[in-house]
Amino acid sequence: MTFRGRPAGQPPTTRTRTRLLRTRFAPSPTGSLHLGNARVAVLNWLLARRHGGAFILRIEDTDPERNLPGAEAAIMRDLRWLGLDWDEGPLEEGGHAGACGPYRQSERSERYATVAERLREAGRAYPCHCREVERDGAPVPHDDQACAARSEEERAALEADGVVPALRFRADQETDHIVVQDAVRGAVRFPAEAGGDFVLLRSDGSPTYGFAVVVDDVDMGITHVVRGAGHLSNTPRQVLLYRALGMEPPVFAHIPTVLAPEGGKLSKRAGAEPLAALRSAGVHPDAVVNYLSLLSWSSESGEDVLPRERLMAEISLERIGAGDVMHDPARLRWLSARHIEAMPLDALVAAVRPWVPAAGVPVSDEVLPAAVAGVRTHLAAFEDIAAQLRRYFPEQDAHAPLPAEEARLAGGVAVALAELPAWEEDALGKVVRAVGAELGHRGRALFEPLRTALTGEPHGPPLPTILLVQGRDMALHRLRQAAGERA
Ligand code: GLU
């Protein structure tokens, strides 16, 4: 039997020339992704991309009772939305990409059985006839020695009594402590009891999480296991398993937990909305990737707004700190606004288009790009376009009359604009400035009264854009009305 992993004794492989870095994201399909688990995916993906390695998606679906129908598809959709493509793993259209599959644990039972058998033959696993090995999914305390010392007769009697044995790992007798080498935390020492004789296969033959994960990581040649700090306590047993299989453990990196804004665990109530909620609000996916990266490490440049290419070029395990970090929704929105601001206009127009109808305003396709350009610095999410487009169109037709001086300006602008042969942004701006110069209005004294006349608000998008977006009829009507004329 061969494994793809690194045999014991072979030197570490970080950034080697001979073996590519291979990372994985291993969600259980028990729900959709949220910011906490998406961050693990982001870091693994960035590391693989930085080092020209492979990013593997593995579905850890060994617990049928917790699997949620549709969750696997939702996870894939979320990863695609974030732009985290996987080189190996299950595919949406069915089947798998990659040579180390299958990549769904429920399809790997035979492999777990084979490896378990090998451990048993090597004396590193034994059948456990205890009546209860797990309660509510958690292992029950176990008397390793008494169990391992059961005689054949006792075992046969228990089996005759209906006990189906589980398979238990036989921990190293000489181990007095177990050291986990962690890229974020350094060498973490665990007492030998953190290992113990743990269950590999339950009596129904299903693998435990700790066993399946090691078999898979070895089979899939994973070189770097980057995951949440909550898994650190599972790692000593995994290290023992690597040893028993004659394999070197991968580089482990247990990244700090993301806490809710007010401390405590992330929860839906405490700001950790599912990714799907961010997607349907039109938060920029690059901002989510940027935000989640910076929850763990920072650029040496000290910059915050980093496009994907910069993140890919600069990510490093060495820059990940060990302290807990806090989710900051305002920072996520701020980053989203910066990424939206930086989009080419045509891409931005395409991105906001699904939210345009919700504005309920008569903006034509022809002027949409100009309308979007005029408010682009006010968008923290694509959905914000609806409220922003409404700024071009006054709620009520009539508003308080302008003071005489400003009314004269509005009237003058209306007269000059009415003569324009074509309703184009540049020409509109020129006419407005020319009339302003004639009547002694410039800067704010020119634009604020006219904006008020057109939209009811002194501040807002550039005036020529408002004129263009409203269109000739509406704009002239509003200006004349503000001038006190009966339009
Ligand atoms: N399936 C585990 C989880 O969803 C991940 C296991 C691992 O990364 O080792 O938390």
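Just so we're clear, the structure is a prediction, and the values are computed from it rather than from any experiment. Just follow the structure's listing: the first ligand is 1, and inside any ligand the first atom is 1.
Within a 6.0 Å radius of CZ in Arg66, no more than 12 heavy atoms belonging to other residues, nucleotides or ligands are found. For Glu93, the CD atom counts as densely surrounded, since its 6.0 Å shell holds more than 12 non-hydrogen atoms of other residues, nucleotides or ligands. Remark: Glu134 CD is packed, more than 12 non-hydrogen atoms of other residues, nucleotides or ligands lying under 6.0 Å away. The number of heavy-atom neighbours closer than 6.0 Å to CD of Glu300, taken from other residues, nucleotides and ligands shown, is 12 or below.
What sits closest to atom 1 (N) of ligand 1 on the protein, heavy atoms only, is Glu60 OE1, 2.6 Å. Counting only heavy atoms of the protein, atom 8 (O) of ligand 1 lies nearest to Arg24 NH1, 2.6 Å. The single protein non-hydrogen atom nearest to atom 10 (O) of ligand 1 is His231 NE2, 2.9 Å, given as residue, atom name and distance. Of the protein's non-hydrogen atoms, the one nearest atom 9 (O) of ligand 1 is Arg227 NH1, 2.7 Å.
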(message) Would Gln238 and His231 count as a side chain to side chain contact (heavy atoms under 4.5 Å, CB included) here? Give the steps.
(response) CA-CA 10 Å; Gln238 297 177 12; His231 284 293; 5.8 Å; no
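In the candidate list Ala212, Ala26, Pro27, Ala26 is nearest to atom 2 (C) of ligand 1, counting heavy atoms.
For residues 334-355, every residue pair satisfying the side-chain hydrogen bond (donor to acceptor under 3.5 Å, both in side chains) rule, not counting sequence neighbours, is listed here: Asn290-His339, Arg338-Glu341, Arg353-Asp365.
For ligand 1, the polar-atom distance check against Val213 finds no nitrogen or oxygen pair separated by under 3.5 Å.
Under a 4.0 angstrom heavy-atom cut-off, Phe25 registers as lying outside contact with ligand 1.
Each of the following atoms of ligand 1 lies closer than 4.0 Å to a heavy atom of Ser28: 1 (N), 4 (O).
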